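Notes to accompany the following structure.
Because only heavy atoms are used, hydrogens play no part in the values below, and waters and symmetry mates are left out as well, while side chains stay in. Fair warning: this is a prediction, and the values are worked out from it, not measured in the lab. The chains referred to below are lettered A, B, ... by the order of the sequence lines, with proteins before strands, and numbering in each begins at 1.
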There are 2 protein chains.
Amino acid sequence: MTAKDRRIMALSLALAERRVIHLKEAAALMLVSEMTVRRDVAENPDLFGTLGAHIIPAGRPDLEAPYAIDRAAESHSVAKRQASIYALRYLQPDETVFIDCGSTLTHLVDLIPADTRLTVVCYAFNTADRLIAKPNITLILLGGVYHPTSASFAGASGADTLSALGINAAFLSASGVDQQRGVSCEQFHEVPIKRKAMQMAQRRYLVCDQSKIGRVRPAHFADIDDFDAIITETGEMPLNTKA
Amino acid sequence: MTAKDRRIMALSLALAERRVIHLKEAAALMLVSEMTVRRDVAENPDLFGTLGAHIIPAGRPDLEAPYAIDRAAESHSVAKRQASIYALRYLQPDETVFIDCGSTLTHLVDLIPADTRLTVVCYAFNTADRLIAKPNITLILLGGVYHPTSASFAGASGADTLSALGINAAFLSASGVDQQRGVSCEQFHEVPIKRKAMQMAQRRYLVCDQSKIGRVRPAHFADIDDFDAIITETGEMPLNTKA
DNA sequence: CCAGTAATGTTATAAACATAACACGGCATG
DNA sequence: CATGCCGTGTTATGTTTATAACATTACTGG
């Protein structure tokens, strides 16, 4: 048993350093046949996964699910992407911007050119994840307790940190936008951060797809004319008739 | 040009939802031949990468580099893993623990069983990343400005948040441990958080490999007998003769 | 409308990969 | 010291993937 154990140990180790390792490489590494490595991997599905002949760490629940176009349509990802393309025009280089959580704004992050220098404040894990990969971004993450439903962090210190920052533009997301009942989201814990970010920002943009218009969700956080513009897949609609 | 553009757009979109997509699936999705998708992918190496017939988002600098055993040996990963195995014994279920940044403790995180319920406080991105995947962990991330060198966040609010937490055990890392000159790390911004975490914790463990013993690094943050134990690949050495 | 070029598809062939079947050696247990 | 199991390697076979060459279609500028 011990030789085998050593192998799976070594393989986990190698995978901790690199994210993938090729079957052939792994076999050469521990001086056994590819077949043996295959069997090791197959026997430990909780540890290892595989993409063709490449061994990867386990826990990629996204691999199994076939990509359903309807699911993508349902989630309005094309609309979100398009809205983000419009929103990108409001993102000025060398500024400090706040980026809200939610899947819409991850598209915005993806669209930021690699050479754009920017300071970004965020509180969502998936947003931070993408920003870390970009070399010219200074990232400020608001911490707190992690909420899996929105992949975001929430806590008192987040709003505190925000108060000490000078923010040029805030990009907010919402899952409900109603003329009378204002702008709302699903999670209450997002509200204090959204509000504080809007308060601190010079410019406020709401980015969402048209399907959100007319909907009301539980957590209200702003009125429509608190924003300088609402940006959807059909373009921007200037507001701020208040000021 | 426009049809092609639409395709790479759609492919980016699909990859934003799932992390990988199979060549065949992608071809079916946009109603072109696999060959065309191959060419699309090959023409945009800055957007897409490939693992066999699986298309993945670009920016995996770890793929190209062949896995060098010497580099692994150099980084003492086996020793770190072993030290973490010993450290795991001090991790009690249902407690609140602090986990420091640094590659050693990412091993500890990897070793936490999936069914262990735990509240974990951390401030390193790679630590948080691994913890999010674990269902029974409540994660508290200390935010702040991101420092790429240590993949960690630093800021005043981190220490503040810590003061409001009750921590049972703190697992610290270090890159220098010297009998006379105490325990030190590379980055000064880690010091306030390390100190506060130690101050708040009931039990304090230093986890590092033997190569760190006798070394002194720039940022001093504790003395040796501030710890309840120092845990290395050879096992734990109880201390705290102070108390 | 035509030539020329870019984009896409098709096919052929080689390489890589997956899987099953069987062979060999060690090393426990009776 | 045989028996049988376990771990491992080898081989054979079919499938998938990679690449290049060529055929077809679509698009462009004149």
Side-chain angles (χ1 to χ4, degrees), chain A residues 1-15 17-69 72 78 81, chain B residues 1-15 17-69 78:
Chain A
M1 272 279 181
T2 175
K4 189 181 216 159
D5 288 345
R6 237 192 307 282
R7 284 203 311 271
I8 41 182
M9 172 100 176
L11 192 53
S12 319
L13 254 169
L15 281 176
E17 305 250 327
R18 327 249 269 64
R19 310 267 303 191
V20 305
I21 190 163
H22 195 280
L23 180 66
K24 195 186 295 178
E25 220 181 332
L29 202 62
M30 22 210 174
L31 310 168
V32 293
S33 72
E34 293 188 22
M35 200 58 233
T36 300
V37 181
R38 273 184 199 280
R39 289 194 262 242
D40 285 349
V41 169
E43 280 167 30
N44 297 75
D46 46 322
L47 284 177
F48 311 118
T50 163
L51 237 51
H54 301 265
I55 306 163
I56 58 175
R60 290 254 130 340
D62 36 359
L63 298 192
E64 12 269 46
Y67 183 69
I69 324 178
V78 179
R81 168 74 58 133
Chain B
M1 271 280 181
T2 175
K4 189 182 217 159
D5 288 346
R6 237 192 307 281
R7 282 204 312 272
I8 34 188
M9 172 103 175
L11 192 52
S12 320
L13 255 170
L15 281 176
E17 306 247 328
R18 327 250 268 61
R19 309 267 303 192
V20 306
I21 190 164
H22 194 278
L23 180 66
K24 195 186 293 177
E25 218 182 335
L29 201 65
M30 21 210 174
L31 310 167
V32 294
S33 72
E34 293 189 21
M35 201 57 233
T36 301
V37 181
R38 273 184 198 280
R39 289 193 264 243
D40 284 350
V41 169
E43 280 169 29
N44 297 75
D46 45 325
L47 285 178
F48 311 118
T50 164
L51 237 51
H54 301 265
I55 307 163
I56 57 174
R60 291 256 141 314
D62 34 1
L63 298 192
E64 12 269 48
Y67 183 69
I69 324 177
V78 179

| For the base of dG7(D), is there a side-chain donor-acceptor partner from Arg7(A) under 3.5 Å away? |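 Under the 3.5 Å cut-off, the side chain and the base do not form any donor-acceptor pair.
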| message | Over the length of the helix from dC1(C)-dG30(D) to dG30(C)-dC1(D), how much do the five-pair end axes diverge, rounded to 10 degrees? | response |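 Roughly 30° between the end axes, to the nearest 10°.
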Give me, pair by pair, the N or O atoms of the protein and of nucleotides 16-20 of chain D that are less than 3.5 Å apart, along with how far apart they are.
unit_1: dT17(D); atom_1: OP1; unit_2: His22(B); atom_2: NE2; d: 2.7
unit_1: dA18(D); atom_1: OP1; unit_2: Gly52(B); atom_2: O; d: 3.2
unit_1: dA18(D); atom_1: OP2; unit_2: Arg38(B); atom_2: NH1; d: 2.7
unit_1: dA18(D); atom_1: OP2; unit_2: Arg38(B); atom_2: NH2; d: 2.9

| request: Side-chain contact test, heavy atoms from C-beta onward, threshold under 4.5 Å: evaluate it for Leu51(A) versus Val20(B) and give yes or no. | output: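 The answer is yes, as the side chains (C-beta and beyond) meet within the 4.5 Å cut-off.
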| query | So, do Leu11(B) and Val41(B) sit near enough that their side-chain heavy atoms are less than 4.5 Å apart? | reply |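 In contact.
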| Is there a residue in residues 41-48 of chain A whose heavy atoms reach under 4.0 Å of DNA chain C, and which residues are they? | none
| Pairs meeting criterion ring pair (Phe, Tyr, Trp, His ring centres under 6.0 Å) with involvement of residues 32-51 of chain B, two or more places apart |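 Output for this query is empty, none listed.
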| said: Does the protein touch nucleotides 24-29 of chain C at the base, only the backbone, or not at all? Give it as B, S and - per nucleotide, heavy atoms under 4.0 Å. | reply: ------
Of all the heavy-atom pairs spanning [X] and [Y], show the shortest one and how long it is.
X: Arg19(A); Y: Pro57(A); value: O-CD, 3.0 Å
X: Ile55(B); Y: Val37(B); value: CD1-CG1, 3.7 Å
X: Ala58(A); Y: Asp46(A); value: CB-O, 3.3 Å

| request: Examine dT8(C): is either OP1 or OP2 under 4.0 Å from a nitrogen or oxygen in the side chain of Thr36(B)? Give yes or no. | output: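 No, no such contact exists.
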| field | Separation of dC27(D) P from Asp5(B) CG (nearest whole Å) | value | 14 Å
| Atom CZ of Arg39(B) and atom P of dT10(C): how far apart are they, to the nearest Å? | 11 Å
| field | Arg81(A): side chain to side chain contact (heavy atoms under 4.5 Å, CB included) partners, not counting sequence neighbours | value |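 Residues passing side chain to side chain contact (heavy atoms under 4.5 Å, CB included) with Arg81(A): Ile85(A), His107(A), Asp110(A), Leu111(A), Met9(B), Ser12(B), Leu13(B), Ala16(B).
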| Test side chain to side chain contact (heavy atoms under 4.5 Å, CB included) applied to Arg7(B) - qualifying residues, sequence neighbours left out |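 Testing Arg7(B) for side chain to side chain contact (heavy atoms under 4.5 Å, CB included), a comparison that skips the adjacent residues, returns Lys4(B), Met30(B), Val32(B), Thr36(B), Asp40(B).
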I need the [X] [atom1] to [Y] [atom2] distance, nearest 0.5 Å.
X: Leu23(A); Y: Thr50(A); atom1: CG; atom2: OG1; answer: 7.5 Å
X: Arg38(A); Y: Glu34(A); atom1: CZ; atom2: CD; answer: 6.5 Å
X: Ile21(A); Y: His54(A); atom1: CD1; atom2: NE2; answer: 11.0 Å

| Candidate nucleotides dT8(C), dG9(D), dT8(D), ranked by approach to the side chain of Lys4(B) - the nearest |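 Between dT8(C), dG9(D), dT8(D), the one nearest the side chain of Lys4(B) would be dT8(C).
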